[in-house]
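Worth saying up front: this structure is predicted, and the values here are computed from it rather than measured.
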Amino acid sequence: MKRYTLEELAVHLGGEPSERPGPEIEGVRPLEYAGKTDITYVSHVGFLAKLNQSAAGAVLLPFGLDSGDRPFIRAKNPEVAFARLTELYYGYPRPPHGVSPRADVHLEALLGAEVYVGPFAVVGRGARIGDRSVVAPHVVIGEDVQIGAGTWIFPHVTIYPGVTIGERVIIHAGSVIGADGFGFVRDSSESGTVMNVKKYHSGAVEIGNDVEIGALCAIDRALAGITRLGDGVKLDNQVQIAHSVQIGEGTVIAAQVGIAGSSSVGRLGVIAGQVGIADHLKVGNHVMLAAQAGVYRDVPDGSILSGAIPAMPVNQFRRVQSWFKKLPELVERIRKLERLVQPSSKES
Amino acid sequence: MKRYTLEELAVHLGGEPSERPGPEIEGVRPLEYAGKTDITYVSHVGFLAKLNQSAAGAVLLPFGLDSGDRPFIRAKNPEVAFARLTELYYGYPRPPHGVSPRADVHLEALLGAEVYVGPFAVVGRGARIGDRSVVAPHVVIGEDVQIGAGTWIFPHVTIYPGVTIGERVIIHAGSVIGADGFGFVRDSSESGTVMNVKKYHSGAVEIGNDVEIGALCAIDRALAGITRLGDGVKLDNQVQIAHSVQIGEGTVIAAQVGIAGSSSVGRLGVIAGQVGIADHLKVGNHVMLAAQAGVYRDVPDGSILSGAIPAMPVNQFRRVQSWFKKLPELVERIRKLERLVQPSSKES
Amino acid sequence: MKRYTLEELAVHLGGEPSERPGPEIEGVRPLEYAGKTDITYVSHVGFLAKLNQSAAGAVLLPFGLDSGDRPFIRAKNPEVAFARLTELYYGYPRPPHGVSPRADVHLEALLGAEVYVGPFAVVGRGARIGDRSVVAPHVVIGEDVQIGAGTWIFPHVTIYPGVTIGERVIIHAGSVIGADGFGFVRDSSESGTVMNVKKYHSGAVEIGNDVEIGALCAIDRALAGITRLGDGVKLDNQVQIAHSVQIGEGTVIAAQVGIAGSSSVGRLGVIAGQVGIADHLKVGNHVMLAAQAGVYRDVPDGSILSGAIPAMPVNQFRRVQSWFKKLPELVERIRKLERLVQPSSKES
């Protein structure tokens, strides 16, 4: 178990510890879970009451807030400091480096310093894996794949040939990167038989630095250009990224989202779960899409959209939705008007 | 091929066979598929006509119903008896127990009696696997995972470290249990760069007894508490269970459902396909959610909801939906009223 | 790198090369990506302007269209010819045939001529694999699975026992074929405990010839009949096909679609992303379903449906949708009418 003093943690964070001595900190937990050897965080004054009821041994606190007699570390952004400490305490334990004798690494693959390759992993010819990267058991890395330093790939991930992955990337179990995009063209033969003729995809996939990809995501190869996830993009589980999609830096995408071919999403967006974005669209920067939204048109920078088929500005959607639920009542009002205006008209 | 007499099956079920002798039963099939050596079932009188046309060699029959001259076994709940017989006839054939020499089992893993571990399976340090459990080829079991007795894990399942799984659980191929929940906090550096700082998740996943998990499901680890599936929960394929979600006993969840972080679903619910439940919600006991429903508020016990964004009580939804489809007609009626009331007004 | 003259390509396609000599062709790319050693295609006159700006070294051209001085090959359907050339240039490179010493192939499995089985693949007893098929590393093929000739299975695919797969099929990484369908019946014991009793599925899965299955799809086994994908069906990633579903020849299904138990889809349909089709429905031939559509009723041949819950004819949906977004405006118009007709009435 890891243990650090508040002073050590403050140094790690570049923060400022309270003078009051605190316990040695053994864990990092949110308010409702923190025990007496845990550090927690409070972002603003509204959580101080909850802090008073918490057993937390110490607290990460913004400047200008008083924690009573609880030991603290001041931080510009306490939630960021909290996240940094979760890495210190719970970051993935590195396996000893080296290649398992039960792995299948091609002689012409190039492994950096301190790389780990687990049992039953397969690394193809010409693949290059950067220093300190971890290739878990049962990962399959195709030919000529390039992986940066400090990247961590969990079991059962498949990376098709030629994919490029940046530094400090995390890919969770079962994800598939670089399969063919979905492209077929219908052909009617003279005999009347119809076939779907496959377009083999020769394009690339490029995953930037500091990207995280959840479990069971599928990221397809472009037909000719590049499917690209910018630096700092984060995907939750079961996300589908089609051929030639571009995701801008720092955009986060929740579970079960699907983005169709050749669409792009700008920088620092937030896309909630089960959203669908149709093909060949341009979604701007700083866009927020609510859960299950269906996006069928280009979306300007800074938009906040909500609502399935079609998504619309969130304020409009709130009003639409509230009347949608009352449609039968509106019909009643129309009927009443009709009776008043056309007393003899037949009801419907 | 398995063969049992009706008397043997009746003993197995604790049911009551007809005096009329029947064929030896070699299969268990629904009415439309049953042949002359199959047993089928009829739940109520409405299916007797179909039974008459069926070739079934015997039938599971509720008390008080007459099958003509077809041999039968009486059962309190014929469909339940049918399901029990599918296990007798089609339950997964157990591989011979023992550890494949091609598996990678850590010396400090603890395997119960008659456990099977297939080729290329990986079992980490400190993992414990209960008696008679089956670990198929290509399963990866992390450190300190605990698995109860009689549990069956299909190929390419990944279980991250520290996950707890009950007895008689079935996990289908490709599912991922215990990956990090999706949690990031945005940090703007002084240089203006924005980063998504990762919260490493140190919480648990607990899967109860008699749970079934379909293929390609993702069940995430909690940040600090527990993600929990109660006893008897059944998940179809491609279901997403986020961090700290709680599913009550016996709830069944169809394919492609997504449940967002920290939400809970009560006991004995039925959730149809592609439903989305937003985060931090409380869905009660005995709730039914229709396919594609979008749940954005707490749901009281016993509710039946339908409709995407937002889901609403099913009777309300039926009326709303029927007028929704007729919106252009309502607009026509409003226009007509406007012409009558304000003859000179401009149309829109 | 592959290089062919226009004459060679024309022979390959059964097309007609221009007399003007062209470069040796090294790649096959759409207009916006094509360089001077690439061949591209133009389907109709509307793209000629774009062709003029393209650097493409040659173009596939329909009869009756003039490409100026660009070398060309005439083809009845240039896009089909383009797709055929992507196979010529980018078709998956065949690994050398033979069985990896690190694979686990049962002695009683039957491999055809020139089959490849990669490291860590598992092939069960009684499985039969047709000539020239490729079983990538980490594929698990269950007992008695039958696979036709020229089929290609990517890593981490799991094929449960008894599944039948045709010729020239492509299955992308991580897909799961033949897991149990989702079938449970609730049983209340006398003690009040409720259990979901599992129906073990003994039915089949049959995948036709020339089918492509994307990454991370789940195709379930029938309870007693057959789950069937007809010849030429194409599935994108993360598609869910439930027990006893039937998909007719040549139908293409985009990512994240879910089709519930016992439903059928006819021939040559086009189903866009995230569509849901409820259980026991009959969707006809030549049907088009727009993205996110929710299908709850039978769909006649040739229908084009759009809209979530419920899907409706696309022209109706366009009008409904446009008024849906204007619901608050309609309410305003109703209020105004009410004020005019019943001046004293209370507003709502």
Item to check | Distance-only polar pair, side chains of C:N209 and C:E167, donor-acceptor under 3.5 Å | outcome: no
Checklist entry - So which of A:V157, A:I334, A:V320 has the biggest tally of heavy-atom pairs under 4.5 Å with chain C? => result A:V320
Next on the checklist: Between C:D210, C:L235, C:L330, who has the most heavy-atom pairs with chain A when the cutoff is under 4.5 Å?
Outcome noted: C:L235
Next on the checklist: Quick check on side-chain contact (heavy atoms from CB on, under 4.5 Å): which of C:S43, C:P62, C:P30 does C:E79 satisfy it with?
Outcome noted: C:S43
Checklist entry - A:A222 versus chain C, heavy atoms under 4.5 Å apart: side chain, backbone, both or neither? => result neither
Item to check | chain C contact via A:A218 - side chain, backbone, both or neither, heavy atoms under 4.5 Å | outcome: both
Item to check | Trace of the salt bridge (Lys or Arg N to Asp or Glu O under 4.0 Å) decision for A:E332 with A:K336 | outcome: CA-CA 6 Å; A:E332 225 19 83; A:K336 192 172 170 189; over 6 Å; no
Checklist entry - With only heavy atoms counted, which part of A:D180 is less than 4.5 Å from chain C, the side chain, the backbone, both or neither? => result both
Checklist entry - Yes or no on ring-ring contact (aromatic ring centres under 6.0 Å, His included) for C:H172 and A:Y160, after CA distance, side-chain angles and deciding distance? => result CA-CA 10 Å; C:H172 284 285; A:Y160 279 60; 5.8 Å; yes
Checklist entry - So what's closer than 4.5 Å to chain C heavy atoms on A:Q238: side chain, backbone, both or neither? => result both
Next on the checklist: Checking the side chain of A:H201 only, and the main-chain atoms of A:K199 only, is there a donor and an acceptor separated by less than 3.5 Å?
Outcome noted: yes
Item to check | Donor-acceptor pair, side chain of A:D187 and main chain of A:V197, under 3.5 angstrom | outcome: no
Item to check | Contacting region of A:L223 [heavy-atom separation from chain C under 4.5 Å] | outcome: side chain
Checklist entry - Highest number of heavy-atom pairs under 4.5 Å with chain A: which of C:F120, C:F82, C:Y33? => result C:F120
